[in-house]
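Read the numbers this way: they start at 1 and go in the same order the structure lists the ligands and their atoms.
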Amino acid sequence: MIPTLEWLPEGVNFLDQTKLPFEETYVLATDYKQVATVIKDMVVRGAMAIGVSAAMGVALGIDRSTATTLPNLASEVDLICKTLAETRPTAVNLFWGIGQIRDLYNELTSKNTPIVEIKKAVVVLARRLYDEDIANLRKLGAFGAALLPQQGTVLTHCNAGALAACGYGSALGVIRAAIERGQKIDVFADETRPFNQGTRLTAWELVKDNIPTTLICDNMAGYFMSKGRIQAVIVGADRIAANGDTANKIGTYSVSILAKEHGIPFYVAAPFNTIDLETASGDLIPIEQRAAREVTHVKGVQVTPHGVSIENPAFDVTPAKYVTAIITERGVLRAPYGESIQAMATGATVQTEFAIA
Ligand code: MRU
C-alpha cells in the first residue's frame, strides 16, 4: 500500500507529494508546527489525508508538550489547534480531524485526567482515525463499484486516491474496488492544472497498481465525452454542503456540466466526514486562493509574460443538480440531497443504496 503518512515514535512521517513522481522521499515532522507546514505546503494533500494529518498534528503537539498542569496544557492546545486550523481553508476534514482530538482532550480534562494519560489517549485516537479512514474507504469503494459499468472508461479529476487519504482512496478507491470485483475499468485522468495532481499523482499511483490509465489535458474531457469514450465520471470532494453542493479541485464544475450535457453519470465519492452539515450551500464554502507562481511557473521556469494578472482559486463548487450520486461509506446518497444527507446524518446505514422512502 502507498504510505501517504505514518505515525512513528519520532513523529509523523509524510511521503513528500511535491516531489512525485520523480522522487519517493519522506518528510518527518517532529512537532505540530512542522505538521502545519507540511499541510500548508501540500507535502501532504487531499481531504482525507489532511484530516488525519491534522488529527496527528494535534496529538503530536499534546504528546510533546512540556506542560505540567492542565491550565498550561490548555493554552498550548488552543495554539496547536489554531495553528493547524489556519493551514488550508476548504477541506472540512481538516477541521473534523482537529475536532476529533480536541473533543477527546476536552472530555479527559473535564475529568481531571492526568496529563500522561491524556497524551496516551490522544495518540491512540489519532492512530485509530488513520485505520478508520482506510476501512471507511474500502466500504465506500464497495458501494461505489456497484454504480460503475461492467466495462468502460471512467474519467477522474485531480487526485482522490490513496495519496489523498491514508490509503485506497475515495474516487480511486471506487475504481480499485470495481477492478477487484472483476469489472473491466480503465481510467482517463485529467492533468489538473495548475498543481498537476492528475499528471503527477493520479497517473503515478494508478500505473503503480497496473490500472490502465490515460492522461488527458483538462481541456480534452469534452472531446472524449462527445466521442462516446467516457462512460462515467468520478471525483472526490473537499467539502460537501448540507444541500449536496460539492467543493472539489478547480475544474470539477466544468467537468460536471460536460457530463450533464453528454448524459454521463457524475459521481462524487467522499467519506461522510467530508459532508459539512453546518454549511447550508456551496456558496458558503471558503475557497482557497493559492499563489500566482503555481500558474506562472512550470518546474521553476516562468512561462508567462511579466505583468500579466493571475487568479488561482484552488477549488470550485459543483451544484448538487449536476451530481448523480454521492457515495459514502454509509451508502449512496441521491437527490434531494438536503433530505438524504439529513437522514444519513441521523444514523441511517444501508447495504447497497440509500434513498428516502
Ligand atoms: O489541493 P488538494 O490537492 O488538497 O485538493 C484535493 C482535491 O481537490 C481532490 O480533488 C480530491 O478529490 C479531494 S480529496 C479526496
Side-chain angles (χ1 to χ4, degrees), residues 2 4-5 14-18 20 38-54 87-97 133-134 136-137 140-141 144 154-176 187 189-206 218 221 233-240 246-256 266-276 282 285-291 294-295 312-318 323 326-329:
I2 295 159
T4 311
L5 64 138
F14 295 93
L15 176 60
D16 187 347
Q17 299 193 30
T18 65
L20 290 174
V38 154
I39 296 172
K40 207 175 175 60
D41 292 350
M42 292 176 69
V43 167
V44 67
R45 34 63 53 201
M48 295 84 68
I50 289 174
V52 175
S53 300
T87 51
R88 297 195 70 193
T90 303
V92 74
N93 312 59
L94 177 94
F95 307 97
W96 168 87
D133 183 58
I134 299 171
N136 284 340
L137 293 174
L140 182 160
V154 177
L155 174 73
T156 191
H157 188 76
C158 194
N159 173 267
L163 289 168
C166 299
Y168 207 63
S170 49
L172 300 192
V174 170
I175 289 167
R176 287 191 166 96
V187 179
D190 279 345
E191 61 176 353
T192 319
R193 278 280 293 149
F195 210 71
N196 293 315
Q197 286 93 333
T199 311
R200 297 186 301 105
L201 308 178
T202 297
W204 181 78
E205 70 165 85
L206 291 179
D218 296 327
V233 178
I234 187 157
V235 296
D238 293 85
R239 191 186 299 226
I240 300 171
T246 296
N248 192 50
K249 183 52 57 191
I250 191 76
T252 304
Y253 171 46
S254 325
V255 174
S256 75
F266 179 92
Y267 298 117
V268 171
F272 198 74
N273 61 18
T274 308
I275 300 179
D276 179 5
I285 297 175
I287 300 294
E288 179 180 7
Q289 308 292 321
R290 292 190 59 84
E294 288 179 0
V295 177
N312 187 15
F315 302 94
D316 59 27
V317 175
T318 298
V323 177
I326 299 172
I327 307 157
T328 78
E329 75 280 17

Using distance alone, determine whether Ala47 and ligand 1 share an N or O pair under 3.5 Å.
-> no

May I ask you to check whether Arg45 has an N/O atom sitting below 3.5 Å from an N/O atom of ligand 1?
-> yes

Which residue and heavy atom of the protein sit nearest atom 7 (C) of ligand 1, plus the separation = Asp238 OD1, 3.3 Å

Atoms of ligand 1 under 4.0 Å from any heavy atom of Ala160, numbered from 1 in the order shown, are 11 (C), 12 (O), 15 (C)

Number the atoms of ligand 1 from 1 as they appear, then name those within less than 4.0 Å of a heavy atom of Met48, with their elements.
-> 15 (C)

Atom indices of ligand 1, in the order listed, that fall short of 4.0 Å to a heavy atom of Ser170 | 15 (C)

Mind checking whether Arg88 has a heavy atom under 4.0 Å from ligand 1?
-> yes

What do you reckon, does Ala314 put a non-hydrogen atom under 4.0 Å from ligand 1?
-> no

Ignoring hydrogens and angles, tell me if any N or O in the side chain of Gln17 forms a donor-acceptor pair with the backbone of Met42 under 3.5 Å.
-> no

Counting from 1 in the order shown, the ligand 1 atoms closer than 4.0 Å to a non-hydrogen atom of Ala164 are 15 (C)

Does Phe195 have a non-hydrogen atom less than 4.0 Å from ligand 1?
-> no

Short list, please: which atoms of ligand 1 are under 4.0 Å from a heavy atom of Cys158?
-> 6 (C), 7 (C), 8 (O), 9 (C), 10 (O)

Kindly say whether Ile250 contributes a backbone atom to a donor-acceptor pair with the side chain of His157 at under 3.5 angstrom?
-> yes

So do the side chains of Ser170 and Leu137 get within less than 4.5 Å of each other, counting heavy atoms only?
-> yes

Counting from 1, what ligand 1 atoms have a heavy atom of Met42 closer than 4.0 Å?
-> 1 (O), 2 (P), 3 (O)

Short list, please: which atoms of ligand 1 are under 4.0 Å from a heavy atom of Gln197?
-> 1 (O), 2 (P), 3 (O)

Report, as yes or no, whether the 6.0 Å neighbourhood of atom CZ on Phe266 holds more than 12 heavy atoms from other residues, nucleotides or ligands.
-> yes

Verify salt bridge (charged side-chain N to carboxylate O under 4.0 Å, His left out) between Asp276 and Arg239, making sure each step is shown before the conclusion.
-> CA-CA 6 Å; Asp276 179 5; Arg239 191 186 299 226; 2.8 Å; yes

Check each heavy atom of Val235 against ligand 1 and say whether those closer than 4.0 Å belong to the side chain, the backbone, both or neither.
-> neither

Quick one: look up the protein heavy atom nearest atom 5 (O) of ligand 1 and list residue, atom name and how far away it is.
-> Lys249 CE, 3.3 Å

Are any of the side-chain nitrogens in Arg290 or Glu288 under 4.0 Å away from the carboxylate oxygens of its partner?
-> yes

Judged by atom type as modelled, is there a donor-acceptor pair below 3.5 Å linking the side chain of Thr156 to the main-chain atoms of Val235?
-> no

Checking side-chain hydrogen bond (donor to acceptor under 3.5 Å, both in side chains) for the pair Thr192/Asp190: CA distance, chi angles, key distance, verdict?
-> CA-CA 5 Å; Thr192 319; Asp190 279 345; 5.8 Å; no

Chi angles and distances behind the side-chain contact (heavy atoms from CB on, under 4.5 Å) call for Leu172, Arg176 | CA-CA 6 Å; Leu172 300 192; Arg176 287 191 166 96; 3.9 Å; yes

Check each atom of ligand 1 against the heavy atoms of Asn248 and keep those under 4.0 Å away; list them by number with element.
-> 7 (C), 8 (O), 9 (C), 10 (O), 11 (C), 12 (O), 13 (C)

For the residue pair Arg200 and Asn159, confirm or rule out a side-chain donor-acceptor distance under 3.5 Å.
-> no

